[in-house]
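Here's the structure, in structure tokens; my notes come after.
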Amino acid sequence: MTIRRLCAALRVPGKTELLLVILFGAGFAALPVLALLPSLWGFTAAWAVTYLADEALHVKAPGFVRRLATLQLSRTMRFAVRTVMLLALADRMDAPGAVLVTGLAVLSAHFLLVMMYSALHHVIRRRRILPVIVRNLEMSGIDIPERPPAYLYRRFLRKLLHLDLPAHAGLIVALATGTWYSAYAGYALTIGAASAALIALLGQFRAVRRMPRRDAVIGEVNRQLDAYRPEVALYFSFAAVSRDFMYQVNMWIETLEQLDRRPVIVLRERASFRFLGRTRIPVVCVPKADDLAELELSVRVVLSPATPARTATCCASPRPSTSSSATATATSSPAATASARCTTRSG
């Protein structure tokens with residue numbers, strides 16, 4: 001019972017993860033003690049345990065890692081603590097002043113490069129946000145740069161912070177052998193790899209500067225919709241996007257594909273794409289109401305599987321409604337449920 005309560009308090013799922021948490025905490029607690037003694041091999045063991053346990057907890061107990069972040073013990077802070085403790089160990093073991101000063105400068109520059117990379121990544125991500133996201137519509141009329149490579153873009157902070165490993169390992173080897181070439185080699189590898197990563201991302205920034213403007217994107221989407229001429233729109237908006245809510249859209253896909261009218265799916269949340277089922281129907285995601293108002297969606301029938309206020313507002317149209325036969329055709333679909341409602345608008 002005590003173990004279960006402890007697991008619940010630490011947000012870990014089981015005993016294995018609890019053991020990792022204990023090793024993680026013991027390793028970090030031992031670092032300053034072993035650095036001040038000083039004990040090189042004890043410090044090296046604790047240093048390795050904190051690295052390995054930290055990575056394992058990200059996979060096995062992400063809830064615990066998030067709890068650490070709320071306590072201001074973020075991943076960056078934990079890497080900084082290891083760096084400071086290693087430099088303290090080197091000072092206690094009478095490492096040459098040049099090695100200590102160079103190490104402090106290199107590892108500080110490493111963190112500065114991480115900050116610059118993070119800022120540039122944020123700018124690229126913001127610039128790549130389009131006002132309208134589409135699927136199954138040809139958008140070759142505008143030049144949209146390719147997405148940056150995954151090795152530069154995804155989980156970048158984790159990769160960049162681990163570039164301190166050559167510097168750390170080189171300094172530990174130098175302290176063990178008494179020769180300092182390995183320390184300088186590790187410093188060079190760390191700062192060189194971090195600089196190369198930043199330069200590579202700068203190349204991606206140059207490409208993303210060519211992203212089309214809002215008017216160009218909406219204009220191209222309108223041209224494609226005008227060529228497609230949709231007649232039926234399935235409109236879905238829900239604040240809490242998840243697989244549990246998106247079933248309301250997915251259950252309509254098969255029916256829409258079987259209609260003798262041209263359908264289109266209109267979504268309002270970007271995260272909806274993650275849970276949208278496979279379909280050949282054109283899909284348009286428009287998060288902002290101002291952008292949605294500029295789309296030329298002259299459809300005869302709007303199907304709304306959900307009824308939040310946001311949906312009701314959008315479906316209300318000042319245009320005169322069409323004849324009741326259009327509504328009857330939509331509501332006679334075999335996939336219709338009691339929660340679905342149809343709104344008709346003039347074509």
Side-chain angles (χ1 to χ4, degrees), residues 1-39 42-90 103-104 106-122 125 150-169 171-172 190 193-194 197-198 240-242 271 274:
M1 183 63 69
T2 302
I3 293 179
R4 289 183 180 178
R5 290 179 179 176
L6 190 58
C7 289
L10 295 174
R11 294 187 181 179
V12 293
K15 295 180 181 178
T16 303
E17 292 76 16
L18 180 60
L19 177 60
L20 286 172
V21 170
I22 293 173
L23 289 173
F24 173 84
F28 268 102
L31 285 178
V33 176
L34 296 170
L36 295 175
L37 283 178
S39 173
F43 182 92
T44 302
W47 171 85
V49 165
T50 58
Y51 263 115
L52 297 175
D54 200 339
E55 290 307 305
L57 286 171
H58 271 83
V59 176
K60 295 182 174 295
F64 174 75
V65 174
R66 288 192 293 269
R67 175 66 63 86
L68 288 178
T70 62
L71 299 175
Q72 309 306 318
L73 294 174
S74 63
R75 185 194 284 263
T76 304
M77 178 63 71
R78 299 194 295 273
F79 273 78
V81 168
R82 272 191 291 260
T83 295
V84 171
M85 293 300 104
L86 178 59
L87 292 174
L89 173 70
L104 179 61
V106 166
L107 292 168
S108 298
H110 171 237
F111 278 103
L112 177 61
L113 289 170
V114 171
M115 293 172 57
M116 295 172 63
Y117 193 104
S118 300
L120 190 58
H121 182 278
H122 178 73
R125 184 171 59 85
Y151 64 86
L152 289 176
Y153 205 69
R154 295 185 59 192
R155 299 180 180 177
F156 69 95
L157 183 61
R158 173 183 181 182
K159 298 170 184 175
L160 286 176
L161 289 175
H162 277 90
L163 292 178
D164 71 352
L165 278 170
H168 282 211
L171 183 54
I172 289 173
T190 290
L198 182 61
V241 177
S242 70
R274 188 187 317 167

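Counting from 1, the numbers follow the sequence of the chain as shown.
Contact record, Ala167 with Thr190: N-OG1, 3.0 Å, taken as the closest heavy-atom pair. Residues Leu87 and Gly103 come closest through the heavy atom pair CD2-C, 4.4 Å. Here the closest heavy-atom approach between residue Leu31 and residue Ala46 is recorded as CD2-CB, 3.9 Å.
Residues Val81 and Arg78 are not in side-chain contact: their nearest non-hydrogen atoms beyond the backbone lie 4.5 Å or more apart. The closest side-chain heavy-atom distance from Leu86 to Leu89 is below 4.5 Å. The side-chain heavy atoms of His168 and Leu107, taken from C-beta on, include a pair separated by under 4.5 Å.
For Tyr153, the ring-ring contact (aromatic ring centres under 6.0 Å, His included) criterion is met by His121, not counting sequence neighbours. Listed by chain and number, the residues in a side chain to side chain donor-acceptor pair (under 3.5 Å) with Thr50 are Arg82 (sequence neighbours excluded). Residues meeting the salt bridge (Lys or Arg N to Asp or Glu O under 4.0 Å) test with Arg125, sequence neighbours left out: none. Taking the side chain to side chain donor-acceptor pair (under 3.5 Å) definition, one finds that His58 meets it with Asp54, Arg75, sequence neighbours left out. Applying the side chain to side chain contact (heavy atoms under 4.5 Å, CB included) test to Met115 and every residue at least two apart in sequence or in another chain returns nothing.
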Inset, instruction - Apply side-chain contact (heavy atoms from CB on, under 4.5 Å) to the pair Trp47 and Ile172, showing each step before the final yes or no. - result: CA-CA 10 Å; Trp47 171 85; Ile172 289 173; 4.1 Å; yes
Exercise answer: donor-acceptor pairs, residues 16-29 side-chain atoms, under 3.5 Å, sequence neighbours excluded:
| from | atom 1 | to | atom 2 | distance (Å) |
| --- | --- | --- | --- | --- |
| Glu17 | OE1 | Gly14 | N | 3.2 |

Anything under 3.5 Å between a donor and an acceptor, one on a side chain of residues 158-166, the other on a protein residue two or more places apart or in another chain? List them.
| from | atom 1 | to | atom 2 | distance (Å) |
| --- | --- | --- | --- | --- |
| Arg158 | NE | Glu55 | OE1 | 3.0 |
| Arg158 | NH2 | Glu55 | OE1 | 3.1 |
| Lys159 | NZ | Ala150 | O | 3.4 |
| Lys159 | NZ | Tyr151 | O | 3.4 |
| Lys159 | NZ | Arg154 | O | 3.1 |
| His162 | ND1 | Arg158 | O | 2.7 |
| His162 | NE2 | Glu55 | OE2 | 3.2 |
| Asp164 | OD1 | Tyr51 | OH | 2.7 |
| Asp164 | OD2 | Tyr51 | OH | 3.1 |

Side-chain donor/acceptor pairs under 3.5 Å, residues 32-39, sequence neighbours excluded:
| from | atom 1 | to | atom 2 | distance (Å) |
| --- | --- | --- | --- | --- |
| Ser39 | OG | Gly42 | N | 3.4 |

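Residue pairs meeting the side chain to side chain donor-acceptor pair (under 3.5 Å) criterion with at least one partner in residues 108-120, sequence neighbours excluded, do not occur; the list is empty.
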